[in-house]
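Please read the structure below before turning to the comments.
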Amino acid sequence: MMRLVRPGRSAAWTKERIDALTTPEIRQLRDNAHRLGEGEIVGLCDEIIKARPKTGVGARTKRPAAA
């Protein structure tokens, strides 16, 4: 049996699957999806990144006051 329509790449990327990735992995996925014109995946990545707490290098954190 021959397939007439190949399923889109975006079908493999659910919100739950993307959310299981690390933030750097999501950013890489977003960059790749953008390059390939996969707007739905880009949108999901943006939504998940925006919802994550800001941590790591460059993040604003409270520092103890100097004594």
Derivation of the side-chain contact (heavy atoms from CB on, under 4.5 Å) call for Ile41 and Arg30: CA-CA 7 Å; Ile41 297 173; Arg30 186 203 181 283; over 6 Å; no
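- Atoms SG and CD, on Cys45 and Glu40 in that order, are 11.0 Å from each other to the nearest 0.5 Å.
- The distance from atom CG of Asp19 to atom CD1 of Ile48, rounded to the nearest 0.5 Å, is 5.0 Å.
- Every residue meeting the salt bridge (charged side-chain N to carboxylate O under 4.0 Å, His left out) condition with Glu47, not counting sequence neighbours, appears here in chain and number order: Lys15.
- Hydrophobic clustering (side-chain heavy atoms under 4.5 Å, transitive across Ile, Leu, Val, Met, Phe, Trp, Tyr) groups Ile49 together with Ile18.
- To the nearest 0.5 Å, the span separating CG on Leu44 from CZ on Arg17 amounts to 12.5 Å.
- We find the NE2-CG distance between His34 and Leu29 to be 13.0 Å, quoted to the nearest 0.5 Å.
- Distance check, rounded to the nearest 0.5 Å: CD of Glu38 to CG of Leu36 gives 6.5 Å.
- Separation of atoms CZ (Arg27) and OG1 (Thr22) is listed at 9.5 Å; rounding is to 0.5 Å.
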